[in-house]
**Q** 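Sharing a structure below in structure tokens format, with a few things to ask.
Computed over heavy atoms, backbone and side chain alike; hydrogens, waters and symmetry mates excluded. Worth saying up front: this structure is predicted, and the values here are computed from it rather than measured.
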Amino acid sequence: MKKNDAEVSDLDVADLLKTEEDVKLFLEEALAENDPVLWQHAIGDAARSIGMAKIAESAGLNRESLYKALREDAHPRFDTIMRVLNAMGLKLCIIPCAVAEKKAMYKV
């Protein structure tokens with residue numbers, strides 16, 4: 001039996017985020033998963049799609065610090081995340097969860 005030599009390339013999500021709307025929708029979906037590791041990774045993908053040097057400068061960070069803050073095993077400060085989002089022209093918004101989820105926490 002001959003081994004099938006398939007060529008596989010790495011998919012880089014950052015290459016797919018072409019517009020501001022793409023970045024916004026991508027980050028909204030990542031945040032909706034309620035997974036902080038996924039969210040942090042998504043912010044890194046979004047920042048790379050725009051340009052790490054550009055985001056770092058706009059956020060008042062140096063590029064190396066931005067890479068360190070967004071790497072997989074990092075635990076960036078909340079203000080760093082907010083500065084990065086602001087540099088992308090975005091902000092976090094609070095909206096209610098599904099009603100069933102709220103009932104578990106609040107007496108309605």
Side-chain angles (χ1 to χ4, degrees):
M1 179 179 229
K2 184 178 178 185
K3 183 178 176 183
N4 188 1
D5 293 331
E7 195 171 310
V8 178
S9 64
D10 292 328
L11 173 66
D12 188 353
V13 174
D15 293 337
L16 303 175
L17 303 174
K18 304 284 187 198
T19 67
E20 190 175 308
E21 184 69 9
D22 291 344
V23 170
K24 175 188 158 300
L25 292 172
F26 175 69
L27 290 177
E28 283 177 347
E29 288 299 317
L31 188 57
E33 291 297 317
N34 203 27
D35 178 344
V37 174
L38 175 66
W39 170 238
Q40 182 176 328
H41 189 75
I43 292 171
D45 288 338
R48 284 187 306 100
S49 77
I50 295 167
M52 292 295 264
K54 184 178 177 180
I55 295 298
E57 181 180 348
S58 183
L61 303 166
N62 67 49
R63 191 174 53 85
E64 293 79 19
S65 295
L66 182 57
Y67 274 109
K68 284 180 185 178
L70 297 178
R71 71 179 181 221
E72 190 171 324
D73 62 341
H75 299 284
R77 293 175 22 174
F78 188 70
D79 74 307
T80 301
I81 295 298
M82 296 301 289
R83 289 164 67 181
V84 170
L85 291 174
N86 189 41
M88 287 190 253
L90 300 169
K91 65 180 180 178
L92 289 178
C93 295
I94 304 298
I95 59 171
C97 303
V99 174
E101 292 175 19
K102 286 198 295 189
K103 285 183 180 179
M105 180 172 256
Y106 299 105
K107 294 181 181 178
V108 179

**Q** Heavy atoms only: give me the nearest Gly44-Met52 pair and the separation to one decimal.
**A** O-SD, 4.5 Å
**Q** Which Ile, Leu, Val, Met, Phe, Trp or Tyr residues join Val37 in one cluster when any pair of side-chain heavy atoms under 4.5 Å counts as a link?
**A** none
**Q** With a 6.0 Å cut-off (strictly less than), is the heavy-atom count around CG of Asp73, excluding the residue itself, greater than 12?
**A** yes
**Q** Out of curiosity, Leu31 CG to Trp39 CH2, how far, rounded to the nearest 0.5 Å?
**A** 4.5 Å
**Q** So how far is it from Leu66 CG to Lys54 NZ, rounded to the nearest 0.5 Å?
**A** 14.0 Å
**Q** Between Asp15 and Arg48, is there a side-chain N and carboxylate O pair less than 4.0 Å apart?
**A** no
**Q** How far does CD1 of Ile50 sit from CD1 of Ile55, to the nearest 0.5 angstrom?
**A** 4.0 Å
**Q** Tell me, which pairs form a side-chain hydrogen bond (donor to acceptor under 3.5 Å, both in side chains) where one or both residues lie in residues 25-34, sequence neighbours left out?
**A** Lys24-Glu28
**Q** Quick one: are Leu70 and Thr80 in side-chain contact, heavy atoms under 4.5 Å?
**A** no
**Q** Are any of the side-chain heavy atoms of Glu57 and Asn62 separated by less than 4.5 Å?
**A** no
**Q** Do any side-chain atoms of residues 81-91 form donor-acceptor pairs under 3.5 angstrom with protein atoms, and if so which ones, sequence neighbours left out?
**A**
residue	atom	partner	partner atom	Å
Arg83	NE	Ala59	O	2.9
Arg83	NH2	Ala59	O	2.8
Arg83	NH2	Gly60	O	2.9

**Q** Taking the side chain from Gln40 and the backbone from Arg71, do they hold a donor-acceptor pair closer than 3.5 Å?
**A** yes
**Q** Could you tell me whether the side chain of Val23 reaches within less than 4.5 Å of the side chain of Leu27, counting heavy atoms only?
**A** yes
**Q** Apply the side-chain contact (heavy atoms from CB on, under 4.5 Å) test between Phe26 and each candidate in Val13, Leu16, Ile43; give the one that qualifies.
**A** Val13
**Q** Please indicate whether Glu72 has more than 12 foreign heavy atoms, meaning atoms of other residues, nucleotides or ligands, lying under 6.0 Å from its CD.
**A** no
